[in-house]
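Note that the numbering runs from 1 along the sequence shown for the chain.
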Amino acid sequence: MSVLESEILKLPTPEKMALAEKLWETIDMETSHFLMKEQANLIKERLEEHNNNPGTGGSWEEIKRQYKTD
């Protein structure tokens, strides 16, 4: 265990919780704009399909109406 880790573990619980929240926020900010490889591939496939067949598909409003369940 590093010196930093042992010092963090000595902190009172509220301070450890605040530190954990700060760390989580920085991780979330660093990764929130990245797509998973599978997601990026799916987007590329769908864009290619659209470019090859521009007349297919529909607007967001049309798609929402098509799948509306109420």
Side-chain angles (χ1 to χ4, degrees):
M1 181 180 301
S2 73
V3 174
L4 178 59
E5 287 177 287
S6 62
E7 290 300 310
I8 289 171
L9 294 175
K10 292 178 188 175
L11 292 171
T13 300
E15 289 183 38
K16 286 190 275 190
M17 291 173 66
L19 179 59
E21 288 176 7
K22 286 286 186 189
L23 289 170
W24 190 253
E25 287 172 10
T26 63
I27 292 170
D28 189 44
M29 288 176 13
E30 292 170 358
T31 60
S32 65
H33 63 279
F34 293 108
L35 295 175
M36 293 174 51
K37 189 175 186 177
E38 295 82 12
Q39 292 170 315
N41 288 338
L42 181 60
I43 290 170
K44 287 176 188 176
E45 289 173 17
R46 289 183 178 177
L47 181 58
E48 185 177 320
E49 177 67 27
H50 171 71
N51 288 335
N52 291 336
N53 302 294
T56 61
S59 71
W60 179 236
E61 291 302 319
E62 292 168 331
I63 301 300
K64 286 195 300 188
R65 274 195 304 274
Q66 182 180 350
Y67 290 98
K68 194 169 186 170
T69 59
D70 55 20

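Tracing side-chain contacts under 4.5 Å through hydrophobic residues (I, L, V, M, F, W, Y), one reaches Leu4 starting from Leu23; they form part of the same cluster.
To the nearest 0.5 angstrom, Met17 atom CE is 12.0 Å from Leu19 atom CG. Note that CD of Glu7 and NZ of Lys10 are 4.0 Å apart. Values are rounded to the nearest 0.5 Å. Rounding to the nearest 0.5 Å gives a distance of 10.0 Å between CG of Asn41 and CD of Gln39.
In this structure, the side chains of Glu5 and Ile8 stay at 4.5 Å or more apart for every pair of heavy atoms.
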One pair to check against side-chain contact (heavy atoms from CB on, under 4.5 Å): Leu47 and Lys44. What are the steps and the verdict? CA-CA 5 Å; Leu47 181 58; Lys44 287 176 188 176; 5.8 Å; no

May I have the step-by-step check of salt bridge (charged side-chain N to carboxylate O under 4.0 Å, His left out) for Arg46 and Glu49, ending in yes or no? CA-CA 5 Å; Arg46 289 183 178 177; Glu49 177 67 27; over 6 Å; no

